[in-house]
Amino acid sequence: MGDEPAPADIFAVRRRKLEALRAAGIDPFPHEFQGVEPIAAARAAHAGLSPGEETGALHRVAGRLAARRGQGKMAFVDLVDRSGRIQLQGRVDELGEEGMERLLALDLGDLVGVDGLAFCSRRGELTLRVRSLALLAKSLRPPPEKHHGLQDVETRFRHRELDLIANEEVRELFVLRARVISSIRRFLDGEGFVEVETPVLQPLYGGALARPFTTHFNALDRDFYLRIATELYLKRLIVGGLERVYELGKDFRNEGLSPKHNPEFTMLEYYEAYADYLAVADRFERLMAAVGLDGSWRRETLVAAIRERTGIDVMAHHDRDALAAQMRSRGLEAPREDSWAELVDELVSKHVEPTLVEPTLLLDYPVELSPFAKRHRSEPGLVERFEAYAGGMEIANAFSELNDPDEQRARLRDAGQPPDESFLQALEQGMPPTGGLGLGIDRLVMVLAGRPSIREVVLFPAMRD
RNA sequence: GCCGCCGUAGCUCAGUUGGCAGAGCAGCGGACUUUUAAUCCGAGGGUCGCAGGUUCGAAUCCUGCCGGCGGCACCA
């Protein structure tokens, strides 16, 4: 082409190259490139080469152009795929003038496919000497900076694809997340659980205490809710005799954003007929071992945990004003409008939860805080429930499920929850004694990956428009 | 919703007391057949988040708005 002046616009340069390719009869967006081998596999095939050693082994790889060094008659470029990075060597005596020119015309970020001979460079780096090279897709935007990666948090979350291109550890994290989820499925499938899907769009919401998102069903001219939990539908399946069920999917809660809260989040719930919460705790520990969180979980009762941290015995002051007085006498805030149960909740979240960095199961909650849990068999006023904490964060919640329909109706009334008649009818049909668990997948991944924010483990976290 | 911090080139970041808008990477032109953040020469690239205000003069000071982060509140 002509010798146009140096273009000011960094985007226009790439556009111009695209047009030049088309003009030269090269399709900048071809349809396929088959027979590709992962870069990691090509590397593994030549693990022990010494500097300067040639192999004669031909490999076909594909990926994104990530760096280049040298120009003229010989150039090195780095190619990255999901599995890793490999250096390519282009030589004019191998590719010819025209081929070399095409290689040098590539931009960082272009997707290319390569057939090349494996050898070890003088500096000891496994390299593919390019035999032939195909542009697989032209990149029209410059990639993020190659040394520092993409740092800007807003861009990383709004354009996660750039984050994935630029930051290898981000790529690894989301692969880890996928492996965690498939490990959970494999574990539960292996234990005889059936994976089910229940409605996301619900005429009535329940199974947790949270504000829902509301939407409108036009055909019925009626408001619907996005589910806040799968609990009630799953228990109906236990009534139906499925015995062991689980669902892995999104819940939606119309609450504030924080490093621990995204409005849509991934939840595992499972229910197991004939189990109580201690059986659930044992299975939970094995499930955690299956995803790499080994070891036994410290167990502590909620009442003891509060007493140990604050000196207050909440069951000995089972009265709103008495408990508030206890708290105030110790210099703790006790908001006037809070009920006894809310004060207990306050004590747990302010004084117990932050101390639970080591994996811990907190057992036996007050009945007022747990409308779906069965009364404790020996501790009056408590229910058989545990919450699992790790990294100072609640990651799971489990109980012996309440299966007495009359008591369930009364508990929902006391909690100010709308009665879900279909659910209550199901309990009237007869639900076996059942243990259930809810596990926050995002938070679990935070713990496993050591990330301080839920946004780091959700591909596209909620952002303002 | 409230409070605090932040927003400068495609990316990573400087920018002094209010006095001409800067660097590195990337990109462009050129040199180079073993480079590893390649090197060297040359020429470019800006809505300083947006809108007002103060001032002879604003990236810098003030107000409002938008967006992000952190905290509080709500909650899980």
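Below, chain A is the first sequence line, B the second, and so on; all start at residue 1. Here the structure is a predicted model, which is why all the values come from computation and not from measurement.
Ring orientation note: the planes of His46(A) and His59(A) are nearly perpendicular, at an angle over 60° on the 30°/60° scale.
For the P atoms, the distance linking G4(B) with U17(B) amounts to 24 Å, nearest Å. Going from the C1' atom of C25(B) to that of U39(B) covers 15 Å, rounded to whole Å. A37(B) and G49(B): their C1' atoms are spaced 31 Å apart (whole Å). Rounded to a whole angstrom, the distance from the C1' atom of A21(B) to that of G53(B) is 23 Å. Here the separation of U60(B) from G1(B), taken at their C1' atoms, is 31 Å to the nearest Å. Rounded to the nearest Å, the gap between the C1' atom of C61(B) and that of G67(B) is 22 Å. Nucleotides C40(B) and G27(B), compared at atom P, are 16 Å apart to the nearest Å. For the C1' atoms, the distance linking C28(B) with U16(B) amounts to 34 Å, nearest Å.
Phe213(A) places its CZ atom 14 Å from the P atom of A76(B), with the value rounded to the nearest Å. Taking atom CZ of Phe252(A) as the reference point, atom C1' of C75(B) lies 17 Å away to the nearest angstrom. As rounded to whole Å, 12 Å separates atom P of C74(B) from atom NE2 of His261(A). Taking atom NZ of Lys138(A) as the reference point, atom C1' of G27(B) lies 11 Å away to the nearest angstrom. With rounding to whole Å, Leu362(A) atom CG is found 16 Å from A76(B) atom P. Between the CG atom of Leu88(A) and the P atom of U36(B) there is a distance of 17 Å, rounded to whole Å. If you take CZ of Phe372(A) and P of A76(B), they are 12 Å apart, rounded to a whole angstrom. Between Arg129(A) atom CZ and U33(B) atom C1' there is a gap of 11 Å when expressed in whole angstrom units.
Within a 6.0 Å radius of CD in Glu97(A), no more than 12 heavy atoms belonging to other residues, nucleotides or ligands are found.
In this structure, Gln151(A) reaches the sugar-phosphate backbone alone: every heavy-atom distance under 4.0 Å involves primed, P, OP1 or OP2 atoms, never a base. Using a 4.0 Å heavy-atom criterion, one finds that Asp152(A) contacts the sugar-phosphate atoms exclusively. Here Gln71(A) lies in heavy-atom contact (under 4.0 Å) with a base. Nucleic acid contact for Arg14(A): none, since no nucleic acid atom lies under 4.0 Å from a heavy atom of the residue. Among the heavy atoms of the strands lying under 4.0 Å from Gly149(A) are primed sugar atoms or P, OP1, OP2 only; no base atom is included. Within 4.0 Å of Asn262(A), counting heavy atoms only, lies at least one base atom of the nucleic acid.
Contact check for Asp93(A) versus Met74(A): no side-chain heavy atoms found under the 4.5 Å cut-off. At a threshold of 4.5 Å between non-hydrogen side-chain atoms, the residues Val200(A) and Asp251(A) do not count as touching. Arg177(A) places a side-chain heavy atom less than 4.5 Å from the side chain of Ile181(A). Within the 4.5 Å cutoff, no side-chain heavy atoms of Phe224(A) are placed close to those of Thr214(A). Looking at Ile184(A) and Val291(A), their side chains come closer than 4.5 Å, going by heavy atoms from C-beta outward. Residues Leu65(A) and Asp78(A) have side chains not in contact (no heavy-atom distance under 4.5 Å, counting atoms from C-beta outward).
Residue side chain Arg91(A) reaches the base of U33(B) through a donor-acceptor N/O pair under 3.5 Å, judged by distance alone. A donor-acceptor contact under 3.5 Å is formed by the side chain of Ser121(A) with the base of U36(B).
Under the 6.0 Å distance and 45° angle rule, Arg385(A) counts as a cation-pi partner of Tyr365(A). Phe119(A) carries Arg129(A) over the face of its six-membered ring, with the cationic atom under 6.0 Å from the centre and within 45° of the normal.
Distances shown here put every side-chain N or O of Arg141(A) at or beyond 4.0 Å from the OP1 or OP2 atom of G10(B). Contact check, Arg69(A) against U35(B): no side-chain N or O comes under 4.0 Å of OP1 or OP2. For A37(B), neither phosphate oxygen OP1 nor OP2 lies less than 4.0 angstrom from any side-chain nitrogen or oxygen of Lys146(A).
You'll find that the side chain of Pro142(A) is closest to G10(B), out of U35(B), G10(B), A76(B). Taking only side-chain atoms of Glu255(A), from C-beta outward, the nucleotide of G10(B), U34(B), C74(B) with the closest atom is C74(B). When each of C28(B), U34(B), G10(B) is scored by its nearest atom to the side-chain atoms of Val13(A), the top-ranked nucleotide is C28(B). Checking U36(B), U33(B), G10(B) against every side-chain atom of Lys73(A), the shortest atom distance belongs to U33(B). Distance from the side chain of Gln89(A) is smallest for U34(B) among the nucleotides U35(B), C74(B), U34(B).
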Could you run down the sub-3.5 Å N/O contacts of the protein with nucleotides 64-72 of chain B?
| residue | atom | partner | partner atom | Å |
| --- | --- | --- | --- | --- |
| G67(B) | O3' | Arg158(A) | NH2 | 2.8 |
| G67(B) | O2' | Glu154(A) | OE1 | 3.0 |
| G67(B) | O2' | Glu154(A) | OE2 | 2.3 |
| G68(B) | OP1 | Arg158(A) | NH2 | 3.1 |
| G68(B) | OP1 | Arg464(A) | N | 2.9 |
| G68(B) | OP2 | Arg464(A) | NE | 3.0 |
| G68(B) | O4' | Glu154(A) | OE1 | 3.2 |
| C69(B) | OP1 | Arg455(A) | NH1 | 2.0 |
| C69(B) | OP2 | Arg455(A) | NH1 | 3.3 |

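Taking the six-membered ring for Trp and the full ring otherwise, Phe157(A) and Phe460(A) have centroids separated by 6.0 Å or more. Aromatic ring centres of Tyr205(A) and Tyr225(A): separated by under 6.0 Å. For Phe284(A) and Trp297(A), the gap between ring centers is short of 6.0 Å.
Using a 4.0 Å cut-off on heavy atoms, none of the residues of residues 224-237 of chain A approach RNA chain B.
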note = The dot-bracket string of RNA chain B, counting Watson-Crick and G-U wobble pairs with both distances under 3.5 Å, using [ ] for crossing pairs and | for pairs to another strand, is (((((((..((((.....[..))))..((((.......))))......(((((..]....))))))))))))....
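Nearer to the 5' terminus of RNA chain B, by closest-nucleotide assignment, is the contact made by Glu145(A) (compared with the other of Glu145(A) and Arg68(A)). Looking at which nucleotide of RNA chain B each of Gly72(A) and Leu209(A) is closest to, the 5′-most match is held by Gly72(A).
A salt bridge links Lys138(A) to Asp107(A): at least one charged side-chain nitrogen sits closer than 4.0 Å to a carboxylate oxygen. With respect to Arg185(A) and Glu195(A), a salt bridge is recorded, a charged nitrogen being found less than 4.0 Å from a carboxylate O.
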